[in-house]
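Please read the structure below before turning to the comments.
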Amino acid sequence: QVQLVESGGGLVQAGGSLRLSCAASGRTSSTYAIGWFRQAPGKEREFVTAISRSGSSTRYADSVKGRFTISRDNAQNTVYLQMNSLKPEDTAVYYCAAGRSVFIRANNYDYWGQGTQVTVSS
C-alpha cells in the first residue's frame, strides 16, 4: 500500500511559477514510478508528466513541455513538479499517482493522492 499527499497548490498570476510536491509513504513507495495528472472543471483527467523509479526516465505532455519539470528525491520519498510560465489553461486540480512505469493512461496507475488546486489568473 502506498499513500500519496500532494501540496504546493495555490493561486498565481499568469507567467508565474509554483512547485508541487507529492509525498509518498509506504514500505515500497520508492519502487514506483510517479505520474502527475490534472483535471479541470468539466474536463477529463489528463496526463501531465511522469518519472521513473530511478528518475532516469521522464515523459511530458506536449502542452507542458519546456515549462514544467518533474524530479524526485527518493531519500525523501518525494516527487516535485516545478511549473513555470503558468497559463490560465493550467488551472486544474493536480493529482499525483503511483504506478509500475511512466504510463500516460490514468488507469495504469495503482494509487492516487487527493489532489491540490492550482489556479492561474489572467
Side-chain angles (χ1 to χ4, degrees):
Q1 190 78 5
V2 176
Q3 294 81 40
L4 302 171
V5 179
E6 302 95 336
S7 62
L11 173 64
V12 64
Q13 290 188 330
S17 298
L18 282 174
R19 188 177 79 158
L20 306 183
S21 297
C22 173
S25 61
R27 295 178 64 182
T28 60
S29 59
S30 64
T31 66
Y32 283 84
I34 298 293
W36 283 97
F37 290 77
R38 64 187 182 186
Q39 188 166 19
K43 295 188 177 181
E44 292 187 354
R45 191 168 298 192
E46 66 172 355
F47 172 78
V48 176
T49 181
I51 189 166
S52 63
R53 290 170 290 178
S54 67
S56 61
S57 178
T58 58
R59 300 181 75 172
Y60 292 91
D62 288 343
S63 59
V64 306
K65 279 182 183 176
R67 300 188 300 122
F68 290 11
T69 303
I70 190 170
S71 62
R72 70 188 298 163
D73 182 345
N74 284 341
Q76 299 294 325
N77 288 330
T78 302
V79 171
Y80 302 100
L81 178 59
Q82 179 67 43
M83 305 187 295
N84 299 329
S85 302
L86 283 161
K87 305 175 181 180
E89 51 263 44
D90 293 318
T91 295
V93 177
Y94 283 71
Y95 300 89
C96 64
R100 293 297 181 180
S101 187
V102 287
F103 300 117
I104 291 178
R105 296 182 64 178
N107 60 8
N108 285 327
Y109 287 83
D110 303 311
Y111 303 100
W112 290 81
Q114 294 299 306
T116 185
Q117 176 71 47
V118 171
T119 303
V120 184
S121 63
S122 58

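Computed from a predicted structure; not experimentally measured.
Qualifying side chain to side chain contact (heavy atoms under 4.5 Å, CB included) partners for Thr78, counting only residues two or more places apart in sequence or in other chains: Ser21, Ala23, Gln76, Tyr80. In this view, Lys43 and Ala40 satisfy the side chain to side chain contact (heavy atoms under 4.5 Å, CB included) rule, not counting sequence neighbours. Residues passing the ring-ring contact (aromatic ring centres under 6.0 Å, His included) test with Phe47 are Phe37, sequence neighbours excluded. Not a single side-chain hydrogen bond (donor to acceptor under 3.5 Å, both in side chains) links Asn107 to another residue, sequence neighbours left out.
Considering only heavy atoms from C-beta on, Ile51 stays 4.5 Å or farther from Trp36 through its side chain. A 4.5 Å side-chain heavy-atom check between Leu20 and Glu6 finds every atom pair outside the cut-off.
Residue pairs satisfying the side-chain hydrogen bond (donor to acceptor under 3.5 Å, both in side chains) criterion with at least one member in residues 10-19, sequence neighbours excluded, are listed as follows: Ser17-Asn84. Counting only residues at least two apart or on different chains, no disulfide (SG to SG under 2.5 Å) pair has a member in residues 47-78. The disulfide (SG to SG under 2.5 Å) analysis of residues 39-69, with sequence neighbours excluded, yields no pairs. Within the structure, side-chain hydrogen bond (donor to acceptor under 3.5 Å, both in side chains) contacts touching residues 109-122 (residues at least two apart or in different chains) are Gln117-Thr119.
A distance of 11.5 Å separates CD1 in Ile34 from OG1 in Thr49, rounded to the nearest 0.5 Å. From Lys65, atom NZ reaches atom OG1 of Thr58 across 9.5 Å, with rounding to the nearest 0.5 Å. The distance from atom CZ of Arg72 to atom OG of Ser52, rounded to the nearest 0.5 Å, is 7.0 Å. Here CG of Leu18 is found 9.5 Å from CG of Leu81. Values are rounded to the nearest 0.5 Å.
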Review item, side-chain donor-acceptor pairs of residues 90-101, under 3.5 Å, at least two apart:
residue, atom, partner, partner atom, Å
Asp90, OD1, Arg38, NH1, 2.8
Asp90, OD1, Arg67, NH2, 3.0
Asp90, OD2, Arg67, NH1, 2.8
Asp90, OD2, Arg67, NH2, 3.4
Asp90, OD2, Lys87, N, 2.8
Thr91, OG1, Pro88, O, 2.9
Thr91, OG1, Val120, N, 2.9
Thr91, OG1, Val120, O, 3.4
Tyr94, OH, Arg38, NH1, 2.9
Tyr94, OH, Asp90, O, 2.6
Arg100, NH2, Tyr32, OH, 3.4

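Of all non-hydrogen atoms in Gly9 and Val118, the two that sit nearest each other are CA-CG2, 4.2 Å.
Val102 shares a hydrophobic cluster with no other residue; no ILVMFWY side chain has heavy atoms under 4.5 Å from its own.
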List the steps and the verdict of side chain to side chain contact (heavy atoms under 4.5 Å, CB included) for Ile104 and Arg59. CA-CA 8 Å; Ile104 291 178; Arg59 300 181 75 172; 3.0 Å; yes
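Note on Phe103: it does not cluster hydrophobically with Tyr60, by side-chain heavy-atom contacts below 4.5 Å among ILVMFWY residues.
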